[in-house]
Each structure stands twice: as structure tokens, then as C-alpha cells.
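Here the structure comes first, spelled out in C-alpha cells, and everything after it is commentary.
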Amino acid sequence: MKVYSLQDIQRRLFEMSVVIRDALEKNNFKYMIAYGTLLGAVRHKGVIPWDDDFDFYLFDDEYDAAIECLRNELPDDMFVEDEKSEPLFFHGWARVKDLNTMTTYKCYPQDSCYAHKGLNVDLYRAKFCKQSELYIQKANEYQLYIDRRLKKDLITQEEYDRRQEDIAKMRKKISSGSKLIMSNLISDYGFYYDDIFPLKKYKFSDELFYGPSNSDAVFG
């Protein structure tokens, strides 16, 4: 098995992301880069030297259509990994996976259940709700996540029951306000709608990608 350097991984993920971006922009689908990818664009005008992933958000109102677009337009060495292509798929968002690489999953060993082990680019689903509904929405998403894993026998009943306690605690959290905020399962905070739109372009290496209008507010 070939051992890839961090630079090899970063290079391939960047190549994949340019293909994804081009397909989305060609078909007028909105997206934004996020998390370490956005931080890299802001601070380094490219990848963070130690980063090994690339993160996109697609927006809920056109998410499914954007995924179908990618399913039809990706080259032969890439494919959309979701419930249509992977029987054990349990994530709440789709991913684009590379067929020319193979990885191991030390941080997320549950991902090793998937048939294809290649590098992947996450396509997170951006949902908006009122501030006052933030923790309820996050709890609902968390519940769906562990339900999927239990149904596919990818979590023990004991672990499932323990996580129910976490969900109960989340539902008890209090948030207030009527501003629109984007919630997600992979972080403990949300992004305000007004800090995301209108989207603007950020330089990343020798390419441009859309990101939020106010990256300072997004990073808090």
C-alpha cells in the first residue's frame, strides 16, 4: 500500500475541491467553504500547513439538487458517497470520495465500515433556524444520527442508550432570540445568517472559493 505524505493528501483534496466547486458554480448552486478550510483561506491564502481535509457547506433549500448535480458531473475517479451509493451510510451529509486513494480512520474508526476507503471531501448541509430553536434542532439531528447507526448495527445498544442522556441534556439547553442561525452537529456553535450572506470569494492557493461575508464573526 502506498503511503501518502501530508502534502500529497492536501494536493489531492484541493484538486477534488476545485472539481466540486466548478460543477456547483457551473450549475448555479450556492456553497461556502468552512472550518479549517475557511481559516486557511483567511490566514494562509491556502491550506493550513497541518490540515488534512477540505470542508464545504451546501444550503438546505437546494442541497439535494446540488448533490444530484455532482452525482452526474463528477469524473470517473470520484463519486458521491451517500445512502444511494453506500448501504451502511450513516452520516447526515453527503461526501465526495476519491477512488484512487486509500485511507485509514484513526479519528473516526466508524467510517471504516464503508466499502470505499479513499480520501473524501465533506459536503455539510446548512440548515437555518431561529436562535431559540437552536438546541432543539441540534438534538433532533443528533437523534437521527444515532438512530441511523443503530439501525445499521454500527453502535451498541449500550452506547445508544448513553447517548440518549447527551441528547436529553442538549434539549434542556436554553437559547433565545429570533435571528436566523445555522446549526450543525459538528460544532457547538452556529453561524448567523447575516454573517454568511451575501457570500464572497476567498483566495485559496491559486483558486477562488465562496465563503461567508463576515469571516471574523464566523470564527467568533
Side-chain angles (χ1 to χ4, degrees), residues 30-39 51-67 80-97 103 105-116 120-196 212 217-220:
K30 297 186 298 294
Y31 70 86
M32 74 173 192
I33 55 174
Y35 304 115
T37 306
L38 176 62
L39 188 62
D51 203 9
D52 62 355
D53 64 359
F54 204 105
D55 299 319
F56 283 92
Y57 264 110
L58 308 180
F59 297 95
D60 191 44
D61 60 341
E62 57 185 28
Y63 188 92
D64 294 335
I67 293 301
V80 172
E81 185 179 61
D82 61 4
E83 66 281 354
K84 292 185 178 180
S85 60
E86 170 52 63
L88 294 178
F89 198 77
F90 61 84
H91 284 80
W93 60 89
R95 314 186 315 174
V96 170
K97 186 158 276 189
T103 63
Y105 299 94
K106 293 182 179 179
C107 293
Y108 303 102
Q110 63 270 23
D111 287 16
S112 63
C113 71
Y114 294 159
H116 296 283
N120 67 264
V121 174
D122 287 305
L123 305 174
Y124 297 114
R125 183 189 289 260
K127 294 184 177 182
F128 292 92
C129 64
K130 293 180 180 179
Q131 290 170 275
S132 58
E133 300 168 353
L134 175 62
Y135 291 112
I136 294 298
Q137 179 159 306
K138 290 171 75 70
N140 290 342
E141 290 290 327
Y142 195 179
Q143 184 67 59
L144 290 171
Y145 168 74
I146 62 170
D147 285 350
R148 288 191 297 269
R149 289 189 64 186
L150 183 67
K151 182 179 180 180
K152 298 176 188 295
D153 199 26
L154 297 173
I155 190 173
T156 66
Q157 186 66 52
E158 180 181 12
E159 177 69 8
Y160 179 86
D161 293 341
R162 187 192 66 77
R163 295 198 183 200
Q164 292 294 337
E165 298 175 5
D166 296 335
I167 291 173
K169 291 177 183 177
M170 192 179 296
R171 292 189 186 280
K172 291 180 181 179
K173 288 186 176 181
I174 298 173
S175 57
S176 59
S178 59
K179 291 183 66 175
L180 283 180
I181 193 168
M182 189 179 83
S183 71
N184 57 81
L185 278 181
I186 65 169
S187 65
D188 294 328
Y189 54 89
F191 309 144
Y192 288 112
Y193 184 98
D194 292 342
D195 290 324
I196 294 175
V218 167
F219 293 133

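All of these numbers come straight from a predicted model, not from anything done at the bench.
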Is any side-chain heavy atom of [X] less than 4.5 Å from a side-chain heavy atom of [Y]?
| X | Y | result |
| --- | --- | --- |
| Arg171 | Tyr135 | no |
| Arg163 | Tyr145 | yes |
| Phe128 | Glu133 | no |
| Lys151 | Arg148 | no |
| Cys113 | Leu88 | yes |
| Asp122 | Trp93 | yes |
| Asp82 | Ile67 | yes |

Taking [X] first and then [Y], would you say they form a salt bridge - that is, a charged N and a carboxylate O separated by under 4.0 Å?
| X | Y | value |
| --- | --- | --- |
| Glu159 | Arg149 | no |
| Lys127 | Asp60 | no |
| Asp61 | Arg125 | no |

Interatomic spacing from [atom1] in [X] to [atom2] in [Y] - rounded to 0.5 Å:
| X | Y | atom1 | atom2 | value |
| --- | --- | --- | --- | --- |
| Asn120 | Asp53 | CG | CG | 8.5 Å |
| Ile155 | Asp147 | CD1 | CG | 9.5 Å |
| Ile136 | Lys130 | CD1 | NZ | 14.0 Å |
| Leu134 | Leu180 | CG | CG | 12.0 Å |
| Leu150 | Asp161 | CG | CG | 8.5 Å |
| Ser85 | Lys97 | OG | NZ | 9.0 Å |

Donor-acceptor pair, distance only, cut-off 3.5 Å: does the side chain of [X] make one with the backbone of [Y]?
| X | Y | result |
| --- | --- | --- |
| Gln131 | Lys179 | yes |
| Glu86 | Ala115 | yes |
| Ser132 | Ser175 | no |
| Tyr63 | Leu123 | yes |
| Glu62 | Lys30 | yes |

Residue list, salt bridge (Lys or Arg N to Asp or Glu O under 4.0 Å) with Asp166, at least two apart or on another chain:
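Salt bridge (Lys or Arg N to Asp or Glu O under 4.0 Å) list for Asp166, sorted by chain: Arg162.
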
For Glu158, look at atom CD and say whether over 12 heavy atoms of other residues, nucleotides or ligands are found less than 6.0 Å away.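 Open.
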
Mutual orientation of the aromatic rings belonging to Tyr35 and Tyr124 [parallel < 30°, tilted 30-60°, perpendicular > 60°]
perpendicular

- [ ] On the 0 to 90° scale, with breaks at 30° and 60°, tag the His91-Tyr114 ring pair as parallel, tilted or perpendicular.
- [x]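 Taking Tyr114 first and then His91, their aromatic rings sit tilted (interplane angle of 30° to 60°).
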
>> Can you confirm whether the side chains of Gln164 and Tyr160 place a donor and an acceptor under 3.5 Å from each other?
In response: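 Yes - a donor-acceptor pair under 3.5 Å links their side chains.
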
Phe59 and Tyr57 aromatic centres sub-6.0 Å
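Centroid distance Phe59-Tyr57: not below 6.0 Å, so no.
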
- Given the rule in the side chain to side chain contact (heavy atoms under 4.5 Å, CB included) test, do Met170 and Tyr142 qualify, once you have shown the distances and angles that lead to the verdict? CA-CA 10 Å; Met170 192 179 296; Tyr142 195 179; 3.7 Å; yes

Quiz item: Excluding sequence neighbours, so at least two apart, what forms side chain to side chain donor-acceptor pair (under 3.5 Å) with Arg95?
Solution: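 Result, side chain to side chain donor-acceptor pair (under 3.5 Å) vs Arg95: Glu81, Asp111.
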
- request: Decide whether a cation-pi geometry holds between Lys152 and Phe90; the criteria are a distance under 6.0 Å from NZ or CZ to the six-membered ring centre and an angle within 45° of the ring axis.
  value: no

inquiry  = One pair to check against side chain to side chain contact (heavy atoms under 4.5 Å, CB included): Phe56 and Val121. What are the steps and the verdict?
reply    = CA-CA 8 Å; Phe56 283 92; Val121 174; 3.5 Å; yes

In short, Gln137 meets Cys129 closest at the heavy-atom pair OE1-CB, 3.5 Å

